[in-house]
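Read through the structure below, which is laid out as structure tokens, and then see the notes.
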Amino acid sequence: MTRVCIVGAGAVGGYVGAHMAKAGVDVTLVDAWPEHVEAMRRDGLRVEGMDGAGAVHTAVRALHVGELQRCVREQPFDVAFIAVKSYDTRWATELVLPYLAPTACLVSLQNGIHEDVIASVAGFGRVLGVSVSALAAELVAPGRIVRNSPLGDEKKAGMRVGEMHGQVTPRAQLLAALLAHGDSCKLTSNLWGERWSKLTINAMRNGVCALTGLTGRQRDLDEVARDLTVRLGSSCIRVGRALGLALEPVGGLDLEVLARAEEDRAAYDAITQQIMAVAYSRSDAQRPSMGQDIQKGRRTETEAINGLVARRGEEVGVDVRLHRRVNGVIGRIERGEAVPSPSHLAQILA
Ligand SMILES: NC(=O)C1=CN([C@@H]2O[C@H](COP(=O)(O)OP(=O)(O)OC[C@H]3O[C@@H](n4cnc5c(N)ncnc54)[C@H](OP(=O)(O)O)[C@@H]3O)[C@@H](O)[C@H]2O)C=CC1
Ligand SMILES: CC(C)(CO)C(=O)C(=O)O
């Protein structure tokens, strides 16, 4: 049987791991938060779903990061999913590497783009990536995850897994089958297009909620916050295209229209309508992961999201000043020099 290790049992790693465990997969969850590990061992891992979607409560095997060394006495893992925050990618990869079989692969379930870091530690040939496209979740308490988004479906796959070289391989098919225990999962031959499309969604939404303190629903219903999301999304797509990427449909938005929205009033109105069409059906409990981080006083992934778009945009000559400003304000909030507030919006948009 395939042995799976998930490093990072937060909202995403825990969600995927709970569904695999429930389905009988041999999965080990590794996390750094002691109370969470204790709760998972004692009470199992509970996922509550939006209208029941994706709910599960199951016993899981949970190890603290300091306990992974025990696995030296076991069969090595065949698959390691990396589901820690962006800034923890390198050490998480180094942590799990000694416990992997020679043929094992490593798979990022993260936002941003981290395959290069994982490959620099583990080797290019071992790395695949997953765009977690339809899951919005939060680790609300030790051992308890809430899913705040509907499941994906055949048309809008909840997860998209692919090789870095784009070919369809047996191991990519195996990963798709494992992930399908938690949500619909498709195999993609365009991992980099998927990655940039998901980055667009995150670059539009995560930073705006983090710096304003708004939930996802409040952000979309607020005219100024929504205006900033549209402008961030539009420039992010232009960067992706300038990098030569073919973007994939994600987040229920027409990316063609979004790309034109900063310069074309009709496109701006059309994308606003698309955002508003789903705004009222959003759970008001949903905050993008960076909004959750700010609420919890934790570090955000801003450098891996708006920071990444700004760095790549500067290389290809696209105007990314809004991404730079969002990244700058979040940096000030993280350092305690500012507090989250919608009042930052006017200064960013000026
Ligand atoms: N949440 C979502 O809806 C989605 C997230 N992603 C991406 O998945 C990756 C993992 O993020 P995500 O699963 O959201 O991360 P979480 O914040 O849920 O968990 C990450 C880690 O943070 C620590 N942690 C979280 N909450 C607390 C707390 N209250 N007290 C102490 N420690 C805590 C834990 O370990 P530690 O102490 O080691 O940090 C945990 O393993 C990121 O790249 C993210 O962008 C992708 C799609 C959707
Ligand atoms: C749910 C979603 C898409 C919100 O932007 C996300 O990826 C996150 O919270 O990090």
Side-chain angles (χ1 to χ4, degrees), residues 6-18 29-40 45 47 50 54 62-66 81-89 91-92 95 107-114 117-118 129-150 152 158-160 182-183 194-195 197-210 214-217 219-220 229 232-233 236 250-253 278 282-283 285-306 308:
I6 301 182
V7 190
V12 168
Y15 177 89
V16 164
L29 301 181
V30 182
D31 201 81
W33 187 10
E35 290 87 343
H36 181 42
V37 173
E38 291 311 315
M40 288 192 279
L45 182 53
V47 179
M50 186 179 178
L63 298 180
H64 189 270
V65 286
F81 288 102
I82 305 294
V84 292
K85 297 290 193 184
S86 302
Y87 45 81
D88 288 329
T89 305
W91 71 253
L95 178 81
V107 192
S108 167
L109 285 167
Q110 302 153 290
N111 284 327
I113 301 175
H114 307 292
V117 172
I118 300 172
V130 179
S131 169
V132 178
S133 306
L135 175 62
E138 180 168 1
L139 178 59
V140 293
R144 188 169 154 240
I145 293 166
V146 175
R147 179 176 181 127
N148 286 311
S149 61
M159 289 181 261
R160 295 106 193 250
D183 202 345
E194 291 285 3
R195 278 264 176 255
S197 300
K198 180 68 198 296
L199 181 67
T200 301
I201 296 295
N202 293 130
M204 291 172 74
R205 296 177 173 168
N206 291 29
V208 176
C209 287
L214 299 174
T215 65
R217 186 174 206 251
R219 176 203 62 219
D220 287 352
T229 66
L232 289 166
C236 186
V250 71
L253 297 178
V278 292
R282 279 181 177 281
S283 158
Q286 190 265 333
R287 275 176 207 278
S289 50
M290 277 175 48
Q292 300 168 23
D293 297 332
I294 290 286
Q295 264 207 322
K296 294 173 182 169
R298 296 177 61 79
R299 182 176 173 187
T300 73
E301 297 180 294
T302 184
E303 286 298 338
I305 297 185
N306 295 98
L308 173 63

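Bear in mind that the values here come from a model prediction, so they are computed numbers and not experimental data. Atoms within each ligand, like the ligands themselves, are counted from 1 in listed order.
Between atom CD1 of residue I113 and atom CD1 of residue I305 there is a gap of 10.5 Å, rounded to the nearest 0.5 Å. The distance from atom CE of M159 to atom CG of L135, rounded to the nearest 0.5 Å, is 7.0 Å.
Taking a cut-off of under 4.0 Å to the non-hydrogen atoms of A136, the atoms of ligand 2 that pass are 1 (C). Shown in contact with N111 at under 4.0 Å from a heavy atom are these atoms of ligand 2, numbered in order with element: 6 (C), 7 (O), 8 (C), 10 (O). Near L135, the atoms of ligand 2 lying under 4.0 angstrom from a non-hydrogen atom of the residue are 1 (C).
Protein heavy atom at the shortest distance from atom 8 (C) of ligand 2 is S289 OG, 3.4 Å. The protein heavy-atom contact nearest to atom 2 (C) of ligand 2 is N202 ND2, 4.0 Å. Taking atom 3 (C) of ligand 2 as the reference point, the nearest protein heavy-atom neighbour is K198 CE, 3.6 Å. Protein heavy atom at the shortest distance from atom 4 (C) of ligand 2 is N206 OD1, 3.6 Å.
Inclusion of Q286 in the set of residues having an N or O under 3.5 Å from an N or O of ligand 2 is not warranted.
When each of V84, V12, I82, L29 is checked for a side-chain contact (heavy atoms from CB on, under 4.5 Å) with I6, only L29 meets the rule. When the options E303, Q110, H114 are evaluated for a side-chain hydrogen bond (donor to acceptor under 3.5 Å, both in side chains) with S86, the one that passes is H114.
Checking Q295 against R287 by side-chain atom types alone, a donor-acceptor pair falls below 3.5 Å. R160 and S133 share a donor-acceptor pair across their side chains, judged by distance under 3.5 Å alone.
Under 4.0 Å from any atom of ligand 1, one finds heavy atoms of residues A9, G10, A11, V12, D31, A32, W33, A83, V84, K85, L109, Q110, N111, V132, L135, A136, A137, L139, K198, S289, K296, R298, E301.
Residue contacts with ligand 2 for M290 are absent, since no atom lies close enough (heavy atoms, distance under 4.0 Å).
For the pair V132 and ligand 2, no heavy-atom separation below 4.0 Å is found.
Judged purely by atom type and a 3.5 angstrom limit, R147 uses its side chain to pair as donor or acceptor with the backbone of P150. No donor-acceptor distance shorter than 3.5 angstrom exists from the side chain of D31 to the backbone of V37, with no hydrogens or angles considered.
Classification of D220 and R282 as a salt-bridged pair holds, one side-chain N sitting under 4.0 Å from a carboxylate O.
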Enumerate donor-acceptor pairs with a distance under 3.5 Å from any side-chain N or O in residues 202-209 to protein atoms, sequence neighbours excluded.
residue: N202; atom: ND2; partner: N206; partner atom: OD1; Å: 3.3

Evaluation steps, salt bridge (Lys or Arg N to Asp or Glu O under 4.0 Å), between E138 and K296: CA-CA 11 Å; E138 180 168 1; K296 294 173 182 169; 3.5 Å; yes
